[in-house]
Amino acid sequence: VAFFVAPLGVVVWASLLSGFSPLQNASKAVISLKISIGGVALTIPMFIALLSATVWVIDSVALFTASDRAPISMNQEYELAKRWRQERNWWILNFNLITWLTNWRVANLLVRTQAKAD
C-alpha cells in the first residue's frame, strides 16, 4: 500500500486536478478500469477504497484494543516498535482511503462538468 497504491493515488489525484486534458484523460482511464470479482464489477477506486476500509477496520480494532495494555516487560522496546509500526500503517491507510475516495468523487465531478460543457 505504502509503496505503490498510495503514490498512484496521489499521481491520479494531481493529474485529475491539473486542468491539463491529456493528464485528466489518462487519470480517468486509470479510474475507469474495472475489476470483476464474481458477479460484482468494481472500478479501481471502489476496489482500493473497499480494501483499504476493510484493512483500516481490522487495524483500528487491533491498534485501539492493544492500547489498553501498557508494555511492561523486558521486551519493552520491541513492544513500542511494534506499536509504532501499527500506528504508522494505520495513518498510511487513512491517507490511502481518503485519497482514493477523493479520486473517485473528483473523477465523477469532472465527467459531469465536462458533459455540461459539451
Check for me, please, whether Leu93 and Trp91 land in the same ILVMFWY cluster - side-chain distances under 4.5 Å, paths through other members count. yes
Among pairs that include at least one residue of residues 20-42, which meet side chain to side chain donor-acceptor pair (under 3.5 Å), considering only residues two or more places apart or in two chains? Lys28-Gln114
Can we say Arg83 and Glu79 salt-bridge, meaning some charged N sits less than 4.0 Å from an Asp/Glu carboxylate O? no
Residue set satisfying side-chain hydrogen bond (donor to acceptor under 3.5 Å, both in side chains) with Asn108, at least two apart, ordered chain then number -> none
Connected via hydrophobic side-chain network under 4.5 Å: Ile37 and Met46: yes
d(Thr102 OG1, Arg105 CZ) to nearest 0.5 Å is 10.5 Å
What about Val11 and Val30, same hydrophobic cluster or not, with Ile/Leu/Val/Met/Phe/Trp/Tyr joined at side-chain heavy-atom distances under 4.5 Å? no
Test side chain to side chain contact (heavy atoms under 4.5 Å, CB included), reference Leu50, set Val40, Val55, Leu97, Leu42, output is Leu42
Evaluate the side-chain proximity of Leu63 to Glu87: yes if any heavy-atom separation is below 4.5 Å, no if none is. yes
Hydrophobic cluster membership, Ile98 vs Phe95, 4.5 Å side-chain cutoff: no
With Trp56, which residues qualify under side-chain hydrogen bond (donor to acceptor under 3.5 Å, both in side chains), at least two apart? Asn94
Kindly give the cluster partners of Phe20, where membership spreads through any ILVMFWY side chain lying under 4.5 Å from a current member. Leu23
Which residues share a side chain to side chain contact (heavy atoms under 4.5 Å, CB included) with Leu33, sequence neighbours left out: Ile44
Compare all side-chain heavy atoms of Trp84 with those of Leu80 and state whether any distance is below 4.5 angstrom. no
Can a donor-acceptor pair be found, under 3.5 Å and without considering hydrogens, that links the side chain of Trp100 to the backbone of Val5? yes
Which residues satisfy the side-chain hydrogen bond (donor to acceptor under 3.5 Å, both in side chains) test with Trp104, sequence neighbours excluded? none
For the hydrophobic clusters of this structure (ILVMFWY residues joined by side-chain heavy atoms under 4.5 Å, transitively), does one cluster hold both Leu8 and Leu110? yes
Who are the side chain to side chain contact (heavy atoms under 4.5 Å, CB included) partners of Ile31, not counting sequence neighbours? Val12, Leu16, Pro45, Asn103, Ala107
Keeping the roles fixed (side chain from Ser52, backbone from Ala49), state whether a donor-acceptor pair exists under 3.5 Å. no
Under a side-chain separation threshold of 4.5 Å, the hydrophobic residues clustered together with Val111 are none
So, for Trp90 and Phe64, is the gap between ring centers shorter than 6.0 Å? yes
